[in-house]
There are 2 protein chains.
Amino acid sequence: MGGDVKADRLDRVSRATYHHGALREELITASIALIESDGIGAVSLRRVAREAGVSPGAPYHHFEDRAALLNAVAARGYAALLEEARAAHAAAGSPVEAIGAMVETYVRFSRAHPAYAQLMYRPELSEPAKDPATEALAQAAIQLLTETVLACQASGGAPAGDPAPLVTMIWSICAGLAMLSVDGPLEQMTAARGSTIPELTGQVSALLQVMLVGSAA
Amino acid sequence: MGGDVKADRLDRVSRATYHHGALREELITASIALIESDGIGAVSLRRVAREAGVSPGAPYHHFEDRAALLNAVAARGYAALLEEARAAHAAAGSPVEAIGAMVETYVRFSRAHPAYAQLMYRPELSEPAKDPATEALAQAAIQLLTETVLACQASGGAPAGDPAPLVTMIWSICAGLAMLSVDGPLEQMTAARGSTIPELTGQVSALLQVMLVGSAA
DNA sequence: GGTCCAATCTAAACGGTGTTCAGAATCTAA
DNA sequence: TTAGATTCTGAACACCGTTTAGATTGGACC
């Protein structure tokens, strides 16, 4: 509030106990709620603190800074996404189908949890040097995808050779498709065609599988 | 600065003329320079104004708000990218090669102009309801890609049928690859493999072409 | 029980931000 | 030359992230 002469106005609502008890958790859930209702721009540390009925300085006992809080939220998103991807992978009948299922899962998740999506694909918002937990999650996701690609190649469901380009390509499709479907442009395109995003996503997934199998020979 | 009792400190450096003359342009270039040197977080309207030697209120005669300024910068990026994509398209020997070239161009551009890239793939930073010029550029880019895909299909270089899924997939690869290569994760992956991003991008592009042709039958 | 320490929270402050507004300075057209 | 529109200034308002000293509390040890 700057060098105001009079003090900051009342920043919190009164609470029965001096100690909050589970502030860290409530800060995270309040952030998610705020992103979901008013967009990521509405998430200020002060506002989150207000929402939790706590003074502006309190969050600093649980998070180093604003970025760390957003990081924690993003980490939660990564964990949930990885879980869903694993489930989709397990439910698929073949490695090729698993790849298609993972792409669709990626998009479905991003659309179902826009709050997470807005954070996860924008590392500069949850800077500085992602915490190790997030890093481990990302690593696990890449590994899951790499294993699936290898299985595809082994079963003749994908072009042979170095799996890295294939992994990168599929990863890009996931990230790009999720981003475009959350940010708007795809919405607009499907609407113009009298289609829907889930529909288009399914078609992209099917096409990808066709192309994988078709070029395996 | 809040309701400080004493006035804000000097916010601008003196200038010979009262009117700036080309403020709108200088605000845009100053923004680009700022993003390039200190990241997008460093771009505040006040700082840009200071950089241009102008008071904090002056930019509001040229841009409705901060988002509008960022939007103008992003529009410039879109225009430059479209131009490069068109050049790559024209230089390619076949429609399939053109698609590969466009993917590589997309990534190269994003890496060469991180300032633009940081804005272009994050519409929520340059909100509200993109101006018509930007919209037209995006539309032109989609059309260019769609035409190329149709040419591919006509020449037996891509699976036949509705071009929309193919367009969406390629678009996603471009956006995803560009995003991942700018934001870090790809950098890290290539480094671990003793490779580079341009190299990997080239491999992805080549793989995409192989898959397109291979699954055309 | 009491004592002491570490963790938590408050209140105030500092400097920064976006945005608005009245009024001064200047350009433009008549 | 004058009138009106444009551009810019300077001050103000309400926010923001972050730091700090000091109050309050929980838990461990006696």
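Residue numbers start from 1 in every chain, and the chains themselves are labelled A, B, ... in the order their sequence lines are given, proteins ahead of strands. Side chains included, hydrogens not; waters and symmetry mates left out as well; all remaining heavy atoms used.
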| task | Quickly work out the L70(B) CG to dG18(C) C1' distance and round it to whole Å. | result | 12 Å
| task | Let me know the distance between CZ of F63(B) and C1' of dC8(D), rounded to the nearest Å. | result | 16 Å
| field | L45(B) or A22(A), whichever maps to the more 5' nucleotide of DNA chain C | value | A22(A)
| remark: Expected string for nucleotides 24-30 of chain C under the B/S/- scheme (protein heavy atoms, under 4.0 Å, primed atoms plus P, OP1, OP2 as sugar-phosphate) is BSBS---
| query | How long is the line joining NE2 of H61(B) and C1' of dT19(C), in whole Å? | reply | 12 Å
Name the atoms and distances for all side-chain donor-acceptor pairs under 3.5 Å in residues 102-109 of chain A, with sequence neighbours left out.
{"residue": "E104(A)", "atom": "OE2", "partner": "S205(A)", "partner atom": "OG", "Å": "3.0"}
{"residue": "T105(A)", "atom": "OG1", "partner": "A101(A)", "partner atom": "O", "Å": "2.7"}

| message | Using every non-hydrogen atom in the two residues, find where L166(A) and A158(A) come nearest and quote the distance to one decimal. | response | CD2-CB, 3.8 Å
| request: Measure from CZ on R50(A) to C1' on dA14(D) and round the result to the nearest Å. | output: 11 Å
| said: At 4.0 Å (heavy atoms only), tell me whether G41(A) reaches a base, stays on the sugar-phosphate, or touches nothing. | reply: nothing
| Which residue pairs pass the salt bridge (charged side-chain N to carboxylate O under 4.0 Å, His left out) test with at least one member in residues 21-30 of chain A, sequence neighbours excluded? | E25(A)-R76(A)
| Under the side chain to side chain donor-acceptor pair (under 3.5 Å) test, residues paired with H89(B) that sit two or more places apart | T148(B)
| G21(A) backbone acceptor or donor facing H19(A) side chain under 3.5 Å | no
| remark: Here the distance between atom C1' of dT9(D) and atom NE2 of H20(B), to the nearest Å, is 14 Å
| query | What is the distance, rounded to the nearest whole Å, between atom CZ of R15(B) and atom C1' of dG10(D)? | reply | 14 Å
| task | On DNA chain D, check which nucleotide each of S44(A) and G57(A) is closest to and give me the residue with the more 5' one. | result | S44(A)
| remark: Of dT8(C), dG17(D), dT7(D), the nucleotide closest to the side chain of H62(A) is dT8(C)
| salt bridge (charged side-chain N to carboxylate O under 4.0 Å, His left out) contacts in which one or both residues fall within residues 136-148 of chain A, not counting sequence neighbours | none
| With a 3.5 Å cut-off and just heavy-atom distances, do the side chain of R46(B) and the base of dG16(C) make a donor-acceptor pair? | no
| Interatomic distance, L23(A) CG vs dG26(D) C1' [rounded to whole Å] | 16 Å
| note | Under a 3.5 Å limit on both distances, the Watson-Crick or wobble mate of dG18(C) is dC13(D)
| note | Residues passing the side-chain contact (heavy atoms from CB on, under 4.5 Å) test with R86(A), sequence neighbours excluded, are L82(A), A140(A), L144(A)
| request: In whole angstrom, give the distance that lies between atom OH of Y60(A) and atom C1' of dA13(C). | output: 14 Å
